[in-house]
Amino acid sequence: MGALILVMMAAMLLAPPAAIFTMADDPTCGCECPQQCEINLHYYLHQFRAGPNHPNRNEEFVTTGGPSGLGGGLIHDWSLTTGLDANVGIVGHAQGWHIVASQASPVNWYISHNFVFQGSSYSGSTLQVMGIIQGSEEGVGEWSIMGGTGEFTNARGNINYTVVKREDVEYIRELDIQVFYTPSTPSDDQVAKNITRRN
Ligand SMILES: *[C@@H]1O[C@H](CO)[C@@H](O)[C@H](O)[C@H]1NC(C)=O
Ligand SMILES: *[C@@H]1O[C@H](CO)[C@@H](O)[C@H](O)[C@H]1NC(C)=O
(Lines give C-alpha, C1' and ligand atoms only; values in the text may rest on other atoms or scores of the structure.)
(Ligands and ions follow the chains in the order given, each with its own letter.)
Protein backbone atom coordinates (compact mmCIF):
# COMPACT_ATOMS: atom_id res chain seq x y z
CA MET A 1 0.00 0.00 0.00
CA GLY A 2 2.82 2.35 0.97
CA ALA A 3 4.60 1.47 -2.26
CA LEU A 4 1.51 2.28 -4.30
CA ILE A 5 1.25 5.73 -2.74
CA LEU A 6 4.94 6.33 -3.46
CA VAL A 7 4.42 5.38 -7.12
CA MET A 8 1.44 7.73 -7.38
CA MET A 9 3.42 10.58 -5.83
CA ALA A 10 6.31 9.96 -8.20
CA ALA A 11 3.93 10.02 -11.16
CA MET A 12 2.50 13.35 -10.02
CA LEU A 13 5.99 14.81 -9.63
CA LEU A 14 7.04 13.60 -13.08
CA ALA A 15 3.91 14.84 -14.83
CA PRO A 16 4.58 18.21 -16.51
CA PRO A 17 2.46 21.14 -15.33
CA ALA A 18 -0.74 21.61 -17.34
CA ALA A 19 0.43 25.10 -18.38
CA ILE A 20 2.95 23.57 -20.81
CA PHE A 21 0.14 22.11 -22.89
CA THR A 22 -1.81 25.38 -23.12
CA MET A 23 1.31 27.20 -24.35
CA ALA A 24 1.33 25.03 -27.50
CA ASP A 25 -0.71 27.59 -29.45
CA ASP A 26 2.55 29.19 -30.60
CA PRO A 27 2.59 28.23 -34.32
CA THR A 28 6.38 28.46 -34.83
CA CYS A 29 8.33 25.25 -34.87
CA GLY A 30 10.95 25.20 -32.13
CA CYS A 31 13.43 23.21 -34.22
CA GLU A 32 14.87 23.78 -37.66
CA CYS A 33 12.92 21.44 -39.93
CA PRO A 34 15.17 19.42 -42.23
CA GLN A 35 14.74 19.84 -45.95
CA GLN A 36 13.24 16.94 -47.85
CA CYS A 37 14.55 16.37 -51.34
CA GLU A 38 13.55 14.39 -54.39
CA ILE A 39 15.90 12.94 -56.95
CA ASN A 40 15.32 10.84 -60.05
CA LEU A 41 18.04 8.42 -61.11
CA HIS A 42 18.31 6.34 -64.27
CA TYR A 43 20.52 3.26 -64.09
CA TYR A 44 20.94 -0.23 -65.52
CA LEU A 45 21.07 -3.36 -63.41
CA HIS A 46 23.18 -6.26 -64.69
CA GLN A 47 22.29 -9.79 -63.65
CA PHE A 48 24.72 -12.44 -64.85
CA ARG A 49 22.67 -15.50 -64.16
CA ALA A 50 23.73 -18.53 -62.18
CA GLY A 51 24.32 -21.70 -64.19
CA PRO A 52 26.84 -24.49 -64.54
CA ASN A 53 28.62 -22.90 -67.50
CA HIS A 54 28.29 -19.28 -66.45
CA PRO A 55 31.74 -18.31 -65.12
CA ASN A 56 30.85 -14.60 -65.00
CA ARG A 57 27.75 -15.08 -62.86
CA ASN A 58 27.13 -12.53 -60.12
CA GLU A 59 24.61 -14.62 -58.18
CA GLU A 60 24.68 -18.02 -56.47
CA PHE A 61 21.98 -20.47 -55.42
CA VAL A 62 21.76 -20.73 -51.64
CA THR A 63 18.56 -22.80 -51.34
CA THR A 64 17.07 -25.32 -53.75
CA GLY A 65 13.41 -25.14 -52.70
CA GLY A 66 10.70 -27.76 -52.82
CA PRO A 67 9.07 -29.62 -55.71
CA SER A 68 7.03 -26.58 -56.78
CA GLY A 69 10.13 -24.39 -56.65
CA LEU A 70 8.96 -22.64 -53.50
CA GLY A 71 11.93 -21.59 -51.39
CA GLY A 72 14.54 -21.73 -54.13
CA GLY A 73 16.74 -18.69 -53.74
CA LEU A 74 19.89 -16.93 -54.78
CA ILE A 75 22.21 -14.33 -53.29
CA HIS A 76 23.10 -11.69 -55.83
CA ASP A 77 25.67 -8.95 -56.26
CA TRP A 78 24.38 -7.34 -59.44
CA SER A 79 26.12 -4.27 -60.83
CA LEU A 80 24.51 -0.89 -61.34
CA THR A 81 25.73 1.22 -64.24
CA THR A 82 24.88 4.39 -66.07
CA GLY A 83 24.58 2.62 -69.44
CA LEU A 84 24.05 -0.71 -71.15
CA ASP A 85 27.71 -1.71 -70.94
CA ALA A 86 28.25 -3.67 -67.73
CA ASN A 87 31.87 -2.54 -67.47
CA VAL A 88 31.43 1.19 -67.93
CA GLY A 89 30.05 3.75 -65.50
CA ILE A 90 29.62 1.45 -62.51
CA VAL A 91 27.90 3.45 -59.75
CA GLY A 92 27.31 0.64 -57.30
CA HIS A 93 25.90 -2.82 -56.69
CA ALA A 94 22.56 -4.33 -55.76
CA GLN A 95 23.44 -6.79 -53.03
CA GLY A 96 20.79 -9.04 -51.55
CA TRP A 97 18.72 -12.02 -52.47
CA HIS A 98 15.74 -13.20 -54.45
CA ILE A 99 13.73 -16.26 -53.55
CA VAL A 100 10.70 -18.07 -54.97
CA ALA A 101 7.84 -17.07 -52.68
CA SER A 102 4.76 -18.40 -54.48
CA GLN A 103 3.51 -21.88 -55.30
CA ALA A 104 1.58 -20.87 -58.38
CA SER A 105 3.16 -21.24 -61.77
CA PRO A 106 4.73 -19.10 -63.07
CA VAL A 107 6.32 -18.31 -59.73
CA ASN A 108 6.79 -14.93 -58.13
CA TRP A 109 10.12 -14.04 -56.59
CA TYR A 110 10.54 -12.04 -53.40
CA ILE A 111 13.50 -9.67 -53.76
CA SER A 112 15.29 -7.69 -51.09
CA HIS A 113 18.57 -5.89 -51.67
CA ASN A 114 20.76 -2.97 -50.70
CA PHE A 115 21.84 -0.60 -53.43
CA VAL A 116 25.39 0.12 -52.31
CA PHE A 117 26.78 3.14 -54.13
CA GLN A 118 30.46 3.57 -54.97
CA GLY A 119 32.51 5.72 -57.27
CA SER A 120 29.83 8.37 -57.73
CA SER A 121 28.59 11.37 -55.81
CA TYR A 122 26.49 8.91 -53.75
CA SER A 123 29.54 6.84 -52.80
CA GLY A 124 29.11 5.37 -49.33
CA SER A 125 25.33 5.78 -49.35
CA THR A 126 22.79 2.98 -49.63
CA LEU A 127 19.17 2.43 -50.53
CA GLN A 128 17.14 -0.46 -49.10
CA VAL A 129 14.95 -1.90 -51.85
CA MET A 130 12.37 -4.67 -51.83
CA GLY A 131 9.51 -6.03 -53.93
CA ILE A 132 8.70 -8.83 -56.31
CA ILE A 133 9.82 -10.12 -59.67
CA GLN A 134 6.88 -11.70 -61.41
CA GLY A 135 7.80 -15.12 -62.74
CA SER A 136 5.79 -14.45 -65.85
CA GLU A 137 8.48 -11.83 -66.48
CA GLU A 138 6.35 -9.50 -68.46
CA GLY A 139 9.50 -7.48 -68.31
CA VAL A 140 8.24 -4.66 -66.16
CA GLY A 141 7.78 -4.30 -62.43
CA GLU A 142 7.99 -1.98 -59.48
CA TRP A 143 10.04 -2.14 -56.29
CA SER A 144 9.75 -0.06 -53.11
CA ILE A 145 12.52 1.97 -51.54
CA MET A 146 12.10 1.36 -47.82
CA GLY A 147 15.00 3.36 -46.45
CA GLY A 148 18.50 4.61 -46.97
CA THR A 149 21.73 5.73 -45.33
CA GLY A 150 24.28 8.49 -45.87
CA GLU A 151 23.10 10.87 -48.57
CA PHE A 152 19.82 8.96 -48.63
CA THR A 153 18.95 9.16 -44.95
CA ASN A 154 15.23 8.57 -44.40
CA ALA A 155 14.76 7.54 -48.03
CA ARG A 156 11.52 6.33 -49.48
CA GLY A 157 10.40 6.02 -53.06
CA ASN A 158 9.97 3.57 -55.86
CA ILE A 159 11.78 1.96 -58.74
CA ASN A 160 10.20 0.97 -62.03
CA TYR A 161 12.18 -1.61 -63.94
CA THR A 162 11.97 -2.74 -67.53
CA VAL A 163 13.87 -5.74 -68.83
CA VAL A 164 15.82 -4.53 -71.86
CA LYS A 165 17.97 -7.63 -72.39
CA ARG A 166 16.94 -11.18 -71.61
CA GLU A 167 19.43 -13.87 -72.47
CA ASP A 168 20.41 -17.14 -70.89
CA VAL A 169 23.55 -15.62 -69.42
CA GLU A 170 22.58 -12.01 -68.83
CA TYR A 171 19.53 -9.98 -67.93
CA ILE A 172 19.62 -6.19 -68.00
CA ARG A 173 16.95 -4.15 -66.26
CA GLU A 174 16.57 -0.45 -66.94
CA LEU A 175 15.70 1.35 -63.69
CA ASP A 176 13.73 4.55 -63.17
CA ILE A 177 14.37 5.46 -59.56
CA GLN A 178 12.49 8.13 -57.64
CA VAL A 179 13.83 8.85 -54.15
CA PHE A 180 12.63 11.23 -51.47
CA TYR A 181 15.13 11.72 -48.66
CA THR A 182 16.22 14.11 -45.96
CA PRO A 183 19.85 15.30 -46.26
CA SER A 184 21.63 15.21 -42.96
CA THR A 185 24.99 16.91 -43.52
CA PRO A 186 26.11 20.28 -44.93
CA SER A 187 27.50 18.64 -48.08
CA ASP A 188 24.12 17.00 -48.62
CA ASP A 189 22.54 20.44 -48.50
CA GLN A 190 24.91 21.53 -51.26
CA VAL A 191 23.86 18.67 -53.48
CA ALA A 192 20.24 19.30 -52.57
CA LYS A 193 20.42 22.76 -54.16
CA ASN A 194 20.58 21.08 -57.55
CA ILE A 195 17.51 18.93 -57.15
CA THR A 196 13.82 19.42 -56.65
CA ARG A 197 12.91 20.57 -53.19
CA ARG A 198 9.85 19.60 -51.22
CA ASN A 199 8.52 20.45 -47.82
C1 LIG B 1 6.42 4.08 -62.06
O2 LIG B 1 5.27 3.79 -62.76
C3 LIG B 1 4.11 4.35 -62.18
C4 LIG B 1 2.91 3.85 -62.95
O5 LIG B 1 3.11 3.98 -64.32
C6 LIG B 1 4.22 5.86 -62.18
O7 LIG B 1 3.09 6.44 -61.56
C8 LIG B 1 5.47 6.26 -61.40
O9 LIG B 1 5.64 7.64 -61.47
C10 LIG B 1 6.67 5.57 -61.99
N11 LIG B 1 7.83 5.84 -61.13
C12 LIG B 1 9.03 6.12 -61.63
C13 LIG B 1 10.11 6.30 -60.63
O14 LIG B 1 9.25 6.21 -62.82
C1 LIG C 1 25.11 21.90 -59.37
O2 LIG C 1 24.96 21.95 -60.76
C3 LIG C 1 25.92 22.73 -61.43
C4 LIG C 1 25.55 22.84 -62.90
O5 LIG C 1 25.29 21.57 -63.42
C6 LIG C 1 27.30 22.14 -61.21
O7 LIG C 1 28.28 22.92 -61.82
C8 LIG C 1 27.58 22.07 -59.71
O9 LIG C 1 28.81 21.41 -59.49
C10 LIG C 1 26.47 21.32 -59.00
N11 LIG C 1 26.71 21.41 -57.56
C12 LIG C 1 26.60 20.34 -56.75
C13 LIG C 1 26.91 20.59 -55.34
O14 LIG C 1 26.24 19.25 -57.13
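Read the numbers this way: they start at 1 and go in the same order the structure lists the ligands and their atoms. What you are looking at is a predicted structure, and each value in this text was computed from that prediction instead of being measured.
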List the closest protein heavy-atom neighbour of atom 10 (C) of ligand 1: residue, atom name, distance to the nearest 0.1 Å.
Asn160 ND2, 2.4 Å
Indicate the ring-plane relationship of His42 and Tyr44, choosing parallel, tilted or perpendicular according to the 30° and 60° boundaries.
perpendicular
Is it the case that one hydrophobic cluster holds both Leu41 and Met130, taking links as side-chain heavy atoms less than 4.5 Å apart, direct or via other members?
no
Short list, please: which atoms of ligand 1 are under 4.0 Å from a heavy atom of Gln178?
13 (C)
Find the distance between CG (Asn160) and CD (Gln178) and round it off to the nearest 0.5 Å.
9.0 Å
Among the clusters formed by ILVMFWY side chains lying less than 4.5 Å apart, do Ile159 and Ile111 turn up in the same one?
yes
Which residue and non-hydrogen atom of the protein lie closest to atom 13 (C) of ligand 1, and at what distance in Å?
Asp176 O, 3.3 Å
Any protein heavy atom nearer than 4.0 Å to atom 5 (O) of ligand 1:
no
